[in-house]
Amino acid sequence: MKTILIPLITAAACMADQPATPATPAPPPSPAAPPATGDLLKKTGDIMMHYFQHPDPGIIGELIIDVSKAFPDTRQCNAIPSMIVFFGEIFQSNPGRVDEWMKTASSLPEDWQQIFRTALQYAQGKIPDVSTAQTAGPSTLDACWGGYLASGDKKYPEAVLRIACSDEPENSLDVTIRAAAWSASSFIMQYDEMKKIAREFFADATERQKLNFAGRTNEEVQKTVFGTVLKPEKETDDE
């Protein structure tokens with residue numbers, strides 16, 4: 001997946017089947033800074049991966065600074081879509097702190113300032129909700145997971161699950177569908193909250209959707225979600 005800043009706006013707009021706001025070209029990346037230490041990468045990753053379980057607006061100002069230090073060259077960061085929606089959800093949930101956080105962001109390199117301005121646009125509804133995407137790519141999945149990790153809102157993983165259990169073109173593999181199934185499986189096994197969301201989602205799913213997802217995951221995930229291992233659709237057709 002390519003690292004994209006402002007083009008995410010138009011991509012999200014297209015996915016939501018709404019007219020896109022013309023995108024302003026992103027500023028050139030700031031001069032490369034020394035690579036972040038492993039400790040800083042781990043710190044920022046741990047906070048973001050568990051924020052929805054332990055939300056704390058008091059740490060966001062420091063997190064804004066830390067993510068820019070962890071990824072000083074945004075061209076080397078594949079997490080831009082997820083960060084935009086992650087911080088967009090936090091901004092939306094804490095409107096009284098946004099001015100303070102944007103002031104903090106204003107001290108960062110210009111390319112990072114643009115990322116946080118885009119996150120603010122998402123919070124303000126100026127960018128369509130990625131969970132309502134009509135078509136999707138890998139960056140859509142990343143953005144949805146960023147939104148979930150910030151908010152715990154099930155609309156984001158449900159959007160990924162809808163992609164993960166959708167039909168593929170005959171005799172071909174769809175990279176986005178497979179990535180959706182892989183990422184959903186990973187989240188299901190990592191978070192109890194995701195186990196509940198997935199079970200409820202598939203309780204209302206069609207048999208075809210269940211078999212599609214089962215055919216793209218391992219037996220452990222299937223037992224976790226369905227309570228059993230489902231036979232792939234080809235096997236059931238042969239009987």
Side-chain angles (χ1 to χ4, degrees), residues 1-5 8 26-27 29-123 130 138-154 156-157 160 179 182-195 197:
M1 182 185 69
K2 295 182 179 179
T3 298
I4 301 175
L5 305 184
L8 180 63
S30 303
T37 65
D39 287 345
L40 183 57
L41 289 171
K42 184 178 186 303
K43 174 188 174 184
T44 56
D46 286 348
I47 291 172
M48 295 183 71
M49 290 297 290
H50 298 283
Y51 186 85
F52 76 100
Q53 296 171 318
H54 310 285
D56 181 4
I59 66 173
I60 298 303
E62 182 179 359
L63 183 62
I64 287 171
I65 294 172
D66 284 347
V67 293
S68 70
K69 291 180 178 178
F71 301 100
D73 184 350
T74 56
R75 294 170 298 183
Q76 303 300 317
C77 179
N78 290 329
I80 300 302
S82 62
M83 286 191 184
I84 287 173
V85 182
F86 178 90
F87 284 101
E89 278 288 339
I90 292 174
F91 291 171
Q92 185 179 55
S93 298
N94 300 275
R97 305 290 294 272
V98 169
D99 287 347
E100 166 196 342
W101 292 334
M102 293 306 293
K103 183 176 181 180
T104 298
S106 70
S107 67
L108 303 179
E110 177 57 31
D111 46 333
W112 272 107
Q113 289 186 46
Q114 184 63 74
I115 290 169
F116 287 108
R117 286 195 291 265
T118 306
L120 180 58
Q121 288 183 304
Y122 187 82
V130 294
S139 62
T140 314
L141 307 178
D142 292 346
C144 282
W145 289 126
Y148 176 64
L149 291 173
S151 66
D153 192 329
K154 68 179 183 178
Y156 290 113
V160 177
W182 177 85
S183 63
S185 297
S186 178
F187 271 70
I188 287 166
M189 298 312 297
Q190 185 171 356
Y191 299 102
D192 289 341
E193 295 88 346
M194 264 302 300
K195 292 178 176 64
I197 290 170

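Scanning all heavy atoms of the two residues, the minimum distance from Met48 to Leu63 falls at CG-CD2, 4.3 Å. In terms of heavy atoms, Ser183 sits closest to Trp145 at OG-NE1, 2.9 Å. Across every non-hydrogen atom of Ile197 and Pro157, the tightest pair is CD1-CG, 3.9 Å. Residues Asp153 and Tyr148 come closest through the heavy atom pair O-CD1, 3.5 Å. Between Ala150 and Phe86, the shortest heavy-atom distance links the atoms CB-O, 3.2 Å. Scanning all heavy atoms of the two residues, the minimum distance from Ala123 to Phe91 falls at CB-CB, 3.7 Å.
Under a cut-off of 6.0 angstrom, the local environment of CD in Glu62 is sparse, with at most 12 non-hydrogen atoms contributed by other residues, nucleotides or ligands. Applying the 6.0 Å contact sphere to NZ of Lys195 captures more than 12 heavy atoms from other residues, nucleotides or ligands.
Interatomic distance, Asp142 CG to Ile84 CD1, rounded to the nearest 0.5 Å: 11.0 Å. Atom OG in Ser106 sits 10.0 Å away from atom CD1 in Ile64 (nearest 0.5 Å).
Gln113 has its side chain out of reach of Met102: every pair of non-hydrogen atoms, C-beta onward, lies at least 4.5 Å apart. At least one side-chain heavy atom of Tyr51 sits less than 4.5 Å from a side-chain heavy atom of Ile59. Using a 4.5 Å heavy-atom threshold, the side chains of Met83 and Cys77 count as touching. With a 4.5 Å cut-off on side-chain heavy atoms, Tyr156 and Val85 count as touching. Between Trp101 and Phe87 there is no side-chain heavy-atom pair separated by less than 4.5 Å. Contact check for Phe116 versus Leu108: side-chain heavy atoms found under the 4.5 Å cut-off. In this structure the side chain of Ile80 reaches within 4.5 angstrom of the side chain of Trp112, judged on heavy atoms. Inter-residue side-chain proximity for Asp111 and Ile115 is flagged as unmet; no heavy-atom pair is nearer than 4.5 Å.
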Test side chain to side chain contact (heavy atoms under 4.5 Å, CB included) applied to Leu40 and Lys69, step by step: CA-CA 8 Å; Leu40 183 57; Lys69 291 180 178 178; 3.6 Å; yes
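When each of Asp46, Asp39, Thr44 is paired with Lys42, the side chain to side chain donor-acceptor pair (under 3.5 Å) condition holds for Asp46 and for no other.
Distance alone, capped at 3.5 Å, places no donor-acceptor pair between the Tyr122 side chain and the Glu89 backbone. A donor-acceptor pair under 3.5 Å links the side-chain atoms of Thr104 to the main chain of Glu100, judged by distance alone. Side-chain atoms of Ser93 do not come within 3.5 Å of backbone N or O of Ile90 as any donor-acceptor pair.
Using modelled atom types and a 3.5 Å distance limit, the side chains of Tyr191 and Gln53 yield no donor-acceptor pair.
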